[in-house]
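Structure first, commentary second.
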Amino acid sequence: MKLTCAPSTLRDALDALRALPPSAPRALALEDGVYAEPLELDGGEWRVELGAASWRGAALRAWGGARVHITGERLHAAAPEALWVRDAALTVEGLAVSCRGGHALRAEGAAAVQLTRARLHHAGGCGLLASGPVALRCDGVTFEWCGLDERPRGESEHESDGVWLEESPAGAPRARFEGCAFARSRGDGLYAKAGEVELVGCAFEGNHVNGAYGGAGARLRLSSCEFTESVEAAVGVSGGEARLEGCALRGGEGVALFALDGARVHAERCALLSGRRAAALIDAGAALTLLDSTWGDGAPELGGAPVGVSVSGGARARFARCEGRGARGALLAAQDGGVVEAEGLRLRGGQVCLAARDAGDLRLSAVTLEGARDAGLMVEGRRRGEAAAPFELRDVHALDCGAAGLWMSDEARVDWRGGALRGGERGAQLSGDAALALAACDLSDHARAQVTLSDRAALTAAGCALRGRYQPLHGAPRSQDAGVEASGEARVRLTDCRLSDHGRAQVSLHGGARGELRGCLLARGGDAGAFVTSGAHLRVEGGEVRAHLSAGLWVERGGALEARGVEVRDQESGGVFCRAGSRAHLEGCALRHNRKAGLDVEGGSEAWLRGGVVQGGGGSGVIFQRGARGGVSGARVEGHPVAALALCAGAAPSVEDCELSAGEGVALWLERGAEGAVRACWLYGPPGRELVAEEGARTRLEGNRLADEGERDGGEGH
C-alpha cells in the first residue's frame with residue numbers, strides 16, 4: 001500500500017499504514033513542505049519517497065527492527081537529529097540530508113545503515129554518529145559541514161565531526177566507506193573511538209582538526225584515499241591501529257600523519273606531504289611501518305616543514321624502499337628514545353637528512369642521504385644506558401651534503417660498514433666523546449677534509465679509501481682538502497686504508513691527538529703524507545707513503561712519530577722531515593727515491609733510524625742539522641748526489657753499524673761544528689769520497705771502514 005501525504009495529513013497516513021499487517025510493506029510519498037512531527041517508525045518495512053521536505057525538529061526515528069528505505073531529493077531537519085535509527089535497518093539513496101544544530105544521522109545499537117550517493121550536511125553536530133555494534137556501509141556519500149562559521153558553544157560533545165564512531169557496552173561499529181568525501185568539518189572528517197573501519201577511494205578536504213582519526217579501540221584500513229588541508233593532521237592514530245595503502249596525505253597546517261600512545265600504523269605506497277609542522281610525528285610508544293612510500297614537499301630546494309618524520313618518546317619506525325624530500329630541519333629524526341630502522345631509504349635535502357639525538361636509535365641498511373644543507377647524518381648524544389652498543393649503519397651513502405656527510409658530537413657511537421661519504425665540505429666531523437668505526441667505506445671529493453676530529457673524538461677505519469681532489473698538474477690550482485685531521489685529544493686508528501689525492505696532508509694530527517696507521521697507503525698529495533705537530537703522536541706500521549709534493553712524513557713543534565716497516569718513496573721533497581723540537585723513531589723502514597733527503601732532522605729535534613734502507617733521490621740520504629739529536633744504526637744508505645749521511649753544524653747524533661755509500665756524492669759529510677759520533681760503519685765510495693770532513697768538525701769517528709764501491713769485505717780502518 002502506498003500513500004501520498006502533505007504536512008497536514010502525515011499523522012493520518014502513518015496511522016493508516018500502521019494498521020496494515022506486520023508483514024505488509026508500507027510506502028509513503030511526502031509532498032514538499034514543512035513537517036511539524038517526525039516519522040516515528042517502530043518495526044515493519046517502510047519505503048519513503050521525499051521531494052524536498054523539511055522538519056521543524058527531527059525528521060525520522062526508526063527502532064524495533066524497522067526496515068526503512070528512503071529516496072528523494074532533500075531532507076532538512078532543524079534539530080536535534082535528522083535521522084535516528086536504533087536496532088533498525090536504514091537504506092538511503094540519492095538524498096541530501098541536513099541538520100542544523102544536531103546530527104544528520106544517528107545510528108545506535110544493532111542498527112544496519114546503508115547510504116548510497118547521499119549528502120549529509122551538518123552544523124553543530126556530526127554528519128553521522130554511530131554508537132554500539134552498528135553495521136554501516138557508505139558508497140559515494142559526502143559528509144560536509146554547512147551553515148555556520150564556528151561550532152556553537154555548548155552544542156554537541158562530538159566536536160562537529162563528519163563521522164563519529166564509538167562503542168557501547170553491546171559492542172563497537174563496523175563501517176565501510178567507498179568513494180566518500182569528508183569535507184570542511186569543524187572537527188574531524190572521521191573520528192573513530194572504536195570499531196573496524198574500512199575506507200576505499202575516499203577524499204578528505206579542509207577538515208578543521210584531523211582528516212581521519214583512530215582512537216584506542218579503533219582499527220582503520222584506508223586504501224587509495226586522498227587527504228588535503230586538514231588543520232591538525234591528515235591521519236591521526238592514538239592507541240589504535242591503522243593500515244594505509246596507496247593514500248596521499250597532505251598535512252595542511254599541522255602534519256600528514258601522527259601516531260601516539262602505542263598506536264600501530266602500517267603504510268604502503270603512500271605519499272605524506274608535509275604540513276607546516278611535519279610530514280609525520282610518531283611518539284609515545286607508537287610504531288610505524290612505511291613501505292614503498294614518499295614524504296616531504298617533493299622539492300628539496302624549497303625547504304618545507306621543520307621536520308619530515310619525527311620518531312620520539314620510545315616510538316619505533318621502520319622504513320623500506322622509501323624516499324623523503326625537502327624540510328627546513330631534519331627529514332627524519334630519532335629522538336628521546338625513538339628507534340628508526342631503515343632499508344632502501346633515500347633522503348634528499350633538508351637542513352639535515354637524518355638526525356639522532358637525546359638517546360634516539362638508528363639501524364640503517366642501504367640508505368642514501370643526499371644534498372642536505374648542513375649534514376647528511378647528525379648524531380648527538382647516545383643510546384640510553386652506559387653500555388649501549390653503537391648505531392649500526394650498513395651500506396649507507398652520504399652524498400653532496402653541505403657541512404658534513406656525518407656530524408657526530410657528545411657521546412655518539414656509530415659503526416658504519418660499506419657505503420660512501422662523497423661531496424660537500426667534510427665527509428665526517430666528530431667532536432666531544434664521539435666514536436666512529438668505518439669499514440670498507442669510500443670517502444671522497446670533500447672540499448676541506450674527509451674526516452675531522454676534535455676534543456676526545458675517536459675514529460677507527462679498516463679497509464677504507466679516502467680520496468681527495470688534488471691533481472698533480474703544472475699550473476693547476478692546488479685543492480685545499482685533507483684526509484684525516486685530528487686535534488685536541490682525538491684518537492685515530494686506520495688499518496689497511498688508502499688515502500690519496502689530498503691538497504693538504506693525508507693525515508694531520510695536532511695538539512694532543514694520537515694516531516695509528518697499520519698497512520695503509522698514503523699516495524699522491526699536494527702536501528705531506530702525514531703531518532704531526534704541537535704535541536700530537538703518530539704511529540705507523542707497515543704500508544707505503546709515496547708521491548707527495550712535500551715530505552712523506554712530516555713531524556714538527558713537539559710532535560712525535562713512530563714508524564716500523566714503512567716504505568716512504570718518490571716524494572717531491574723529503575722522505576721524513578723532523579723539525580722544531582719534534583721526535584721521530586724509524587725502525588726497519590725503506591726511504592727511497594725522494595727528491596730531497598730521505599731523513600732530515602733539524603731545529604732541536606731528535607730522530608732515530610734503526611735498520612732499513614735509505615736509497616736514491618736527491619740531496620743527502622740522512623741529514624742532521626742545527627741542533628738535531630738522535631742517531632742511525634744498522635741502516636743502509638746509498639745513491640745520493642750530495643752525501644749518504646751529512647752531519648751539519650750543531651748536530652750531535654750517534655751513528656753506528658751502518659753502510660754508507662757515496663753514490664754520486666760522498667759517503668759521510670761532516671760540516672764544521674758537527675758533533676756526535678760515527679762508529680763501526682762501512683763507508684763506500686771512490687778514494688776521497690768515502691769521507692769529507694770540514695775543518696772544525698768535532699764528530700768522533702771510531703772503528704769505521706773505508707772501501708771501494710765494489711768491495712764489501714776489505715778496506716782500511718779509519
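Everything quoted here is computed from the prediction, not taken from an experiment.
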Does any donor atom in the side chain of [X] or [Y] lie under 3.5 Å from an acceptor atom in the other side chain?
X    : Y    : result
T116 : D139 : no
S98  : H76  : yes
R137 : Q114 : no
E31  : T4   : no
E93  : H69  : yes
D87  : W63  : no

Check: Out of D292, L244, T294, which one pairs with R269 under the side chain to side chain contact (heavy atoms under 4.5 Å, CB included) rule?
Finding: D292

Give me the ring orientation class for [X] and [Y]: parallel if the planes are under 30° apart, tilted from 30 to 60°, perpendicular past 60°.
X    : Y    : answer
H122 : W145 : perpendicular
F143 : F177 : perpendicular
F227 : F204 : parallel

Check: Checking salt bridge (Lys or Arg N to Asp or Glu O under 4.0 Å) for the pair R176/E198: CA distance, chi angles, key distance, verdict?
Finding: CA-CA 5 Å; R176 176 182 170 88; E198 183 176 5; 3.0 Å; yes

Under 3.5 Å, sequence neighbours excluded: what are the donor-acceptor pairs made by side chains of residues 167-174?
unit_1, atom_1, unit_2, atom_2, d
S168, OG, A170, N, 3.2

Item checked: Reported CG-to-CG distance for the pair L75 and L50, which is rounded to 0.5 angstrom -> 5.5 Å

Charged N to carboxylate O below 4.0 Å: is that the case for [X] and [Y]?
X    : Y    : value
R250 : E226 : no
R221 : E196 : no
E45  : R67  : yes

Check: Can S185 and D161 be said to form a side-chain hydrogen bond (donor to acceptor under 3.5 Å, both in side chains), step by step?
Finding: CA-CA 6 Å; S185 293; D161 302 295; over 6 Å; no

Note to self: If we ignore hydrogens and angles and just use 3.5 Å, is the side chain of N210 paired with the main-chain N or O of A233 as donor and acceptor?
What the structure shows: yes

Next item on the list: Cation-pi check, R106 to W84: give yes when NZ or CZ is under 6.0 Å from the six-membered ring centre and within 45° of the ring axis, no otherwise.
Entry: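 Yes, a cation-pi geometry holds between R106 and W84.
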
Check: Is there a side-chain contact between L28 and L14 (heavy atoms, below 4.5 Å)?
Finding: yes

Notebook entry, point to check: Is the shortest heavy-atom distance from the side chain of S310 to the side chain of Q335 under 4.5 Å?
Noted result: yes

Note to self: One pair to check against salt bridge (Lys or Arg N to Asp or Glu O under 4.0 Å): R61 and E81. What are the steps and the verdict?
What the structure shows: CA-CA 9 Å; R61 293 173 180 165; E81 284 83 24; 5.6 Å; no

Item checked: Heavy-atom neighbours of R11 CZ exceed 12 at 6.0 Å ->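 At most 12 heavy atoms, drawn from other residues, nucleotides or ligands, come within 6.0 Å of this atom.
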
Item checked: Worked check of salt bridge (Lys or Arg N to Asp or Glu O under 4.0 Å) between E341 and R318 -> CA-CA 5 Å; E341 299 181 32; R318 177 176 173 265; 5.2 Å; no

